[in-house]
Each structure stands twice: as structure tokens, then as C-alpha cells.
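A short worksheet on the structure shown next.
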Amino acid sequence: MNKENRKTITLSMILYELRNVTGNPFVHIFGIGMPVLMSILITRIAIAEMTEPSIVRSVSTSVFLGIGALIPMATIMMGYAVQQAQELEKGIPERLNLFGIKNRVMFCNRAVSETIFMVAAFLIYFLVGVVFLDLEMPVFSGAVCYIVCILIFSIFCFMLAHAIASLLRKFSVTYCVSMLIYFACMILGGMMGMSYESMPKMMQAAAKLLPVTYMNRDFFTIWTGKEYNFVPMLQSYLFFGAVSGILLFIAARKQTRKI
């Protein structure tokens, strides 16, 4: 076997996976269009009766940063899960295995292509935000923290999406489950008009376990460099990552037993 065949990540496979990602209508609708529209509409409604420029900027930025969390949820957690389930249902990974393309190769190249698409989606999102919204400029540490938090959250979304698709292996069921998780995160994260403070106690308890809650509610404080207690946010990341990791482990064990 030559070096080319031993490579885990190749340009041709990345381009192949990228075409699959860009050909998925779910990621364009829910991963780009919906966050852009929601950030503009919700911000306009929130600042409609505000006249103080500093308050307008703080509200606009807070809403904008929070809704940005929808991008990895839609492009990766929902879009990737649906696409992967569809391919599993059609037996595409098995066919590619016949040509010597292993599952780990597909997994790694898909991760790279999903990252490329997500970065492009964020560039569009921030470009629209700068043009149409009055946003507060971040401190350097705030911008870096936002990027790191989104990146880690995206990794967990990728793990969860792969696990869901591998366990369910049917397009219809995976689509239903991933869509329910997507909208549940939106509701509990306070992106659907109900703030954390106005939620019932049971919903608050669930919301505390989700990173999107802190992105939507608190990230403006970090963005502007103000003092912030990271412990609750860190705990939510640990919980979300643990759930994603456990499900991925179960899916991997199930796949190994089949082989």
C-alpha cells in the first residue's frame, strides 16, 4: 500500500465531503438563513423602543452572540446527523469500504469539511451583523473565548450527531430526533422569546446543563471583558461533552459488534 492510500485526510476526499455538505439544504436553511434572520428580527424587536446607544449596542451584541450558537447546532448536530443517517441507510460507507476507503478516513475528512463550512457560515453571519447591526467591539480575550467556546461546542455537536446517526441509522428517525434536540436547545437556551428567569424551575434546571444557555445569556459579559464566573458554563460543557462522548462510545461498540 502506497503513502497516498495510507493518508487519513486527502484533498480529494475533503472536496467530496464538502460537496455533500453544501448539497444538504438543511444546513443552508437552519445553519445560515435562520440565524441571520433571527439575529436581525429579534434584535430589531428588542431595541425598538430603546434610545440610549450604549444599551442598543449591548442588547444587539448579546442577542447576536447567543444566536450564533445555532450555526454549529444546525450545520453539524442536525445537518451532519441527517446526512450521515441517510448514507448509512443507503449503505454508502460499506460501498466506499470496498474501494479501500475506511470509516476513519471518511470520519476525519467529514470533520474537516464540516469545519470549513461552519467557518464560512460564521464569516457570513458576522459580516451581516457588522453591516446591519450596531455591535459592541470585543476585547481580545472575549473574542478568543467566544471562538474557543464555539469550537469546543462544535466538537461535542459533531460527536453527538455521529452517535445519533450511528445508533438510529434511519433518515426519518434521525431527522426527527436531531430536529427535536435543535429546537429544545433553542427554547431552553432562551432564543425563542422565553428568558431563563421566566422559565419554570424544571426548565431552568435543564437549561443550566446546556452551553447555549450561557452563550445566549452571559456571553456579552465575557465579550466585553467584564468579570465573569466561568464555573457554571464549564459544568454545562462537561455535561454536554460527557453525554456526547458516552453516546459516541455506545455507537462505536455497537458498530464493532456488528463487524
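Being a predicted model, the structure only gives us computed values, none of them experimental.
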Stepwise side-chain contact (heavy atoms from CB on, under 4.5 Å) test for Cys176 and Ser172: CA-CA 6 Å; Cys176 179; Ser172 57; over 6 Å; no
Value rounded to 0.5 Å, distance of CD1 in Ile155 from CG in Leu151: 4.5 Å
For Leu210, all residues meeting side-chain contact (heavy atoms from CB on, under 4.5 Å), sequence neighbours excluded: Cys185, Leu188, Val212, Thr213, Phe240
Separation of Leu160 CG from Ser244 OG (nearest 0.5 Å): 4.5 Å
For Tyr182, all residues meeting ring-ring contact (aromatic ring centres under 6.0 Å, His included), sequence neighbours excluded: Phe30
Hphob cluster co-occupancy, Val63 + Leu41, side-chain heavy atoms under 4.5 angstrom: no
Gap between atom SG of Cys157 and atom OH of Tyr80 - 0.5 Å precision: 13.0 Å
Validation row: His28, Phe117 side chains within 4.5 angstrom (heavy atoms): yes
Partners passing side-chain contact (heavy atoms from CB on, under 4.5 Å) against Leu135 (at least two apart in sequence or in another chain): Ser60, Thr61, Phe64, Leu133
Cluster companions of Leu15 among Ile, Leu, Val, Met, Phe, Trp, Tyr (side-chain spacing under 4.5 Å): Leu11
His162 side chain reached by Leu248 side chain, heavy atoms, under 4.5 Å: yes
Check: Glu136 main-chain N/O paired with Trp223 side-chain donor or acceptor under 3.5 Å: yes
Met34 side chain reached by Ile67 side chain, heavy atoms, under 4.5 Å: no
For Val173, all residues meeting side-chain contact (heavy atoms from CB on, under 4.5 Å), sequence neighbours excluded: Leu168, Lys170, Val177
Within one Ile-Leu-Val-Met-Phe-Trp-Tyr cluster: Met192 and Leu209, side-chain cutoff 4.5 Å: yes
Thr224 side chain reached by Pro138 side chain, heavy atoms, under 4.5 Å: no
Separation between OG of Ser58 and CD1 of Ile47, rounded to the nearest 0.5 Å: 10.0 Å
Side-chain touch Tyr125/Val36, heavy atoms, less than 4.5 angstrom: yes
Residue pair Thr43, Val59: steps toward the side-chain contact (heavy atoms from CB on, under 4.5 Å) verdict: CA-CA 7 Å; Thr43 300; Val59 172; 5.8 Å; no
For Leu37, the rest of its hydrophobic cluster, which grows through side-chain links under 4.5 angstrom: none
Met159 reachable from Leu180 in the ILVMFWY side-chain graph, under 4.5 Å edges: no
Hydrophobic cluster identity match, Val56 and Met137, side-chain contacts under 4.5 Å: no
Remaining members of the apolar cluster that contains Val231, side-chain heavy atoms under 4.5 Å: none
Where Ser178 and Val82 come nearest, the two heavy atoms and their spacing: OG-CG2, 3.8 Å
Check against side-chain contact (heavy atoms from CB on, under 4.5 Å), Ile164 and Ile181: CA-CA 11 Å; Ile164 292 172; Ile181 295 174; 3.6 Å; yes
4.5 Å side-chain heavy-atom contact, Ile71 and Pro35: yes
Worked verdict on Arg169 versus Glu89 for side-chain contact (heavy atoms from CB on, under 4.5 Å): CA-CA 6 Å; Arg169 302 181 71 88; Glu89 194 172 23; over 6 Å; no
Within 6.0 Å of CZ in Phe249, more than 12 heavy atoms from elsewhere: no
Residue pairs fulfilling ring pair (Phe, Tyr, Trp, His ring centres under 6.0 Å) with at least one residue in residues 186-219, sequence neighbours excluded: Tyr146-Phe219
For the student: nearest non-hydrogen atoms of Cys145 and Ile222, plus distance: SG-CG2, 3.7 Å
Under 4.5 Å side-chain linkage, directly or through intermediates, the cluster mates of Val119: Leu123
Minimum heavy-atom distance between Met199 and Gly190, given as atom pair plus value: CE-N, 4.1 Å
Distance in Å, Ser166 OG paired with Ile250 CD1, rounded so as to fall on 0.5 Å steps: 12.0 Å
Exercise: identify the closest heavy-atom pair between Gly31 and Thr75: CA-CG2, 3.9 Å
ring-ring contact (aromatic ring centres under 6.0 Å, His included) partners for Phe230, two or more places apart: Tyr228
Donor-acceptor under 3.5 Å (Asn216 side chain, Gly189 main chain): yes
Side-chain (Thr22) to main-chain (Arg19) donor-acceptor, under 3.5 angstrom: yes
CE on Met203 to CD1 on Ile187, rounded to 0.5 Å: 6.5 Å
Heavy-atom side-chain contact between Pro72 and Phe158 under 4.5 Å: no
Heavy-atom closest contact (Ile42 atom, Met191 atom, distance): CD1-O, 3.9 Å
Listed partners of Leu234 passing side-chain contact (heavy atoms from CB on, under 4.5 Å), at least two apart: Leu238
Contact check, side chains of Met38 and Met186, non-hydrogen atoms, under 4.5 Å: yes
Atom of Leu167, atom of Ala251 and distance for their closest heavy-atom approach: CD2-CA, 3.8 Å
Path from Ile29 to Phe171 over hydrophobic side-chain contacts below 4.5 Å: yes
Gln86: side chain to side chain donor-acceptor pair (under 3.5 Å) partners, not counting sequence neighbours: none
Presence of salt bridge, Arg110 and Glu87, under 4.0 angstrom: yes
